[in-house]
There are 2 protein chains.
Amino acid sequence: MEKTGAISALAALAHELRIEIFRRLVKTGPEGLAAGALADVLGVRPNTLSNNLNVLAAAGLVRAAREGRSIRYFAEIDQMRALLGFLMEDCCGGDPALCQPMLAELSAPGGCSPTLTKDPDPT
Amino acid sequence: MEKTGAISALAALAHELRIEIFRRLVKTGPEGLAAGALADVLGVRPNTLSNNLNVLAAAGLVRAAREGRSIRYFAEIDQMRALLGFLMEDCCGGDPALCQPMLAELSAPGGCSPTLTKDPDPT
DNA sequence: TCCATAGTTCATGTATAATGGAAATGACTG
DNA sequence: CAGTCATTTCCATTATACATGAACTATGGA
């Protein structure tokens, strides 16, 4: 991932609602979630949600697919993995060998199956 | 790391100059770099640099230490690691076991020694 | 074709962020 | 104590991001 893409992904996630959207989609898993259901669950207006979904989609963090009248959204886990890889380059500075294990883990596609088991957000 | 801290760290890094600042400081390593030298290397005005260093410092990503007339800045690798851990919780959704190896690696302090070997930025 | 449903896009007001000049602070030197 | 150097803070300007109401598009059914 190049710097430009990483910056837009970082900016996309640096937002209370958007990071929550992404989390929900990850937890929901490969089935995805319709925009309406997402708006309902998160308690936001449909146009606000749509705008923020657009930001996430532009950053490659979510994907949309029309299904009848509704539009279903999915988290793009691979893009998150790419972002993690980018940040780890910074974290590990000049000694990439130390990050290789993590990078290998991240680059294995499908390595993270979302199965909705925990909720670290008791707000 | 809680959501609020993660968001401010993400916002801090979602900026061309600031991510470059952070990278330089990581590459420089534990010796750190004086604000003037940093401004010189990055080709930015001292007040612009100072403002952006403040943003990074508020997010806990850099630390400052006065040294004579100059002020030396250091990357807070542990904060970056904490951010990576936070993001990985999202990436791995409900199956944290799959991320445990990465998280263990990240949580090992000093696991990433910056020794300035590569430069993935041929701009 | 007409209507209802599901979402999106547009336009707008407002809040927040970024920039850069100028002045202020803090530290060493003579 | 005056002068200089390194850096920050203050302030005004400009730019960007956000949320929202209203209008629009697309789909499916009577």
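In the text below, chain A, chain B and the rest are named by the order of the sequence lines, each starting its count at 1. This one's a predicted model, so the numbers in the text were calculated from it and none came from an experiment.
Taking the nucleotide of DNA chain D with the nearest heavy atom to each of B:Ser50 and A:Glu67, the more 5' of the two is matched to B:Ser50. Remark on DNA chain C: of its neighbouring residues A:Arg69 and A:Leu53, the 5'-side contact belongs to A:Arg69, judged by nearest-heavy-atom nucleotide. Place B:Ala64 and A:Leu17 on DNA chain D by their nearest nucleotides, and B:Ala64 ends up nearer the 5' end.
For B:Glu16 and C:dT19, the CD to P distance is 10 Å, given to the nearest whole Å. Rounded to a whole Å, the CG atom of B:Leu38 is 15 Å from the P atom of D:dA6. Distance A:Leu56 CG to C:dT8 C1': 16 Å, rounded to the nearest Å. Look at CG on B:Asn52: it is 13 Å from P on D:dT9, rounded to the nearest Å. A straight line from CG of B:Asn54 to P of C:dT19 spans 14 Å, rounded to a whole angstrom. Going from atom CG of A:Leu10 over to atom C1' of C:dA17 covers 17 Å, rounded to whole Å.
Taking the side chain as every heavy atom from C-beta outward, A:Leu13 and A:Met80 approach each other to under 4.5 Å.
At a threshold of 4.0 angstrom between heavy atoms, the contacts of A:Arg18 are confined to the sugar-phosphate backbone, with no base atom among them. Contact annotation for A:Ala11: no contact, since no heavy-atom pair falls under 4.0 Å across all strands. Contacts of B:Ala39 with the nucleic acid, taken as non-hydrogen atoms under 4.0 Å apart, are absent.
Salt-bridge check for B:Lys3 with A:Glu20: passed, with a basic side-chain N closer than 4.0 Å to an acidic carboxylate O.
Closest of all the heavy-atom pairs between A:Leu49 and A:Ala35 is CD2-O, 3.1 Å.
The line from CZ of A:Arg18 to CG of A:Leu56 is 6.5 Å long, rounded to the nearest 0.5 Å. Here OH of A:Tyr73 is found 11.5 Å from CG of A:Leu33. Values are rounded to the nearest 0.5 Å. We find the CE-CG distance between A:Met1 and A:Leu87 to be 9.0 Å, quoted to the nearest 0.5 Å. Going from atom CG of A:Leu83 over to atom OG of A:Ser8 covers 9.0 Å, rounded to the nearest 0.5 Å.
Between A:His15 and D:dA19 there is a side-chain polar atom (N or O) within less than 4.0 angstrom of OP1 or OP2. For A:Ser70, no side-chain nitrogen or oxygen approaches OP1 or OP2 of C:dA6 to under 4.0 Å. Taking 4.0 angstrom as the limit, B:Tyr73 places a side-chain polar atom (N or O) nearer than this to OP1 or OP2 of D:dT8.
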(message) One character per nucleotide, please: for nucleotides 20-25 of chain D, 5' to 3', B when the base has a protein heavy atom closer than 4.0 Å, S when only the sugar-phosphate does, - otherwise.
(response) BBB---
